[in-house]
Amino acid sequence: MPFTLCTWNINSVRLREPIVLKLLEEEAPDVLCLQECKSPVEKIPTEGFAALGYSHIVARGQKGYNGVAILSKTPLEDLGDRDFASLGHARHVAVRLENGVRLENFYIPAGGDVPDREVNEKFGQKLDYITEMRDHWRAEAPEKAIIVGDFNIAPREDDVWSHKQLLKVVSHTPIEVEHLAEMQDAGGWVDITRQDIPEGQLYSWWSYRAKDWSAADKGRRLDHIWATPDISNAAHGSRVLRDARGWEKPSDHAPVFASFDL
DNA sequence: ATGTCTCTTTCGAAGAGA
């Protein structure tokens, strides 16, 4: 059964319920993974999602910050969550899909403004979070698994509008890219988006601060869909729904899609 | 390019986080 997956940092699921519904209606992915829900689980507006057929929801939340959710048309088995770097944040949840695939939804810490753990504790927490992800998969190699989410790192030169100008900007610094690469290697993860779209500039986030985000187009590819090699050849059809960045009251992130024939 | 957006506390302005 082929299925389509979407990941989207929604920056408040309650404020943006209308555009989540728009996405579900117009694009109808089988599974939608959200990050930055900024809501306790019991306050997520699930009724509208269920009315569109997304009646299976597995989420982790906290008041005001972070929060991740997985919405599905078909049943999900809750496989629990992990608190990498012991931050006490709702940044991860894992499920089993009906086809046996393990799907994990991550919101990796943004890391603050200064890329130096000596003066910015948040940057150290980001690196530690990724190191613990690496060690987790070094201890047990994932199989038939997909990880998605806002990784808050744009790894490639063509994942940012200016490689040179972003080398010292958190999200594209060499130490972050190295940490991410080690974590990727530990799980054997295949970057599905770049498998499907190997060439050219590609972004999933544009700052709210730009006067005209689309004209300036100073984006970064922070949102990712990775899969283990045993299922990576089943993937196809990756895309970024750039239009959604221009919807009414948008998130600063655009949804990223991939399909799997499994 | 210190700009924009959302959350919280506690009813409105300010700080934190992104």
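Order of the sequence lines fixes the chain letters, A, B, ..., with proteins taken first and strands second; residue numbering starts at 1 for each chain. These figures come from a predicted structure and were not determined experimentally.
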Could you measure between the two C1' atoms, the one in B:dG3 and the one in B:dA18, and give it in whole Å? 13 Å
With nearest nucleotides of DNA chain B determined for A:A216 and A:R14 from heavy-atom distances, which residue corresponds to the more 5′ nucleotide? A:A216
How many Å lie between NZ on A:K211 and P on B:dT2, as a whole number? 12 Å
Residues in side-chain hydrogen bond (donor to acceptor under 3.5 Å, both in side chains) with A:S39, at least two apart? A:R14
On a whole-Å scale, what distance lies between the C1' atoms belonging to B:dT2 and B:dA16? 15 Å
NZ (A:K122) and OH (A:Y129) are apart, to the nearest 0.5 Å, by 14.5 Å
Would you mind reading off the distance between A:W205 atom CH2 and B:dT4 atom P, rounded to a whole angstrom? 14 Å
Can you pull out the residues from residues 163-176 of chain A that lie within a 4.0 Å heavy-atom distance of DNA chain B? none
Under a 3.5 Å threshold, yes or no: a donor from one side chain and an acceptor from the other, between A:E176 and A:S171? no
Any salt bridge linking A:R60 with A:D83? Criterion: basic side-chain nitrogen under 4.0 Å from a carboxylate oxygen. no
Walk along nucleotides 9-18 of chain B from 5' to 3' and tag each nucleotide B, S or - by protein heavy-atom contact under 4.0 Å, base first, then sugar-phosphate. S-------SB
Please name all residues satisfying ring pair (Phe, Tyr, Trp, His ring centres under 6.0 Å) with A:H236, sequence neighbours left out, ordered by chain then number. none
Under 4.0 Å between a side-chain N or O of A:R16 and OP1 or OP2 of B:dT6? yes
Return the value, rounded to whole Å, for the distance between atom NZ of A:K249 and atom P of B:dC5. 9 Å
Separation of atom CH2 in A:W161 from atom C1' in B:dA1, rounded to whole Å: 10 Å
Look at A:D243 together with A:K22 and state whether they make a salt bridge at an N to O cut-off of under 4.0 Å. no
Please give, in whole Å, the distance from B:dT4 C1' to A:D212 CG? 14 Å
Any side-chain N or O of A:S12 below 4.0 angstrom from OP1/OP2 of B:dC7? yes
Whole-angstrom distance between B:dT6 and B:dT10, as gauged at atom P: 22 Å
Residues forming a side chain to side chain contact (heavy atoms under 4.5 Å, CB included) with A:A110, sequence neighbours excluded: A:N152
Give every residue pair that meets the side-chain hydrogen bond (donor to acceptor under 3.5 Å, both in side chains) criterion with at least one member in residues 112-121 of chain A, sequence neighbours excluded. A:R117-A:D128
Looking only at side-chain N and O atoms, does A:Q62 offer a donor or acceptor that is under 3.5 Å from a partner on A:H89? no
Rounding to an integer number of Å, can you tell me how far A:K43 NZ sits from B:dT6 C1'? 15 Å
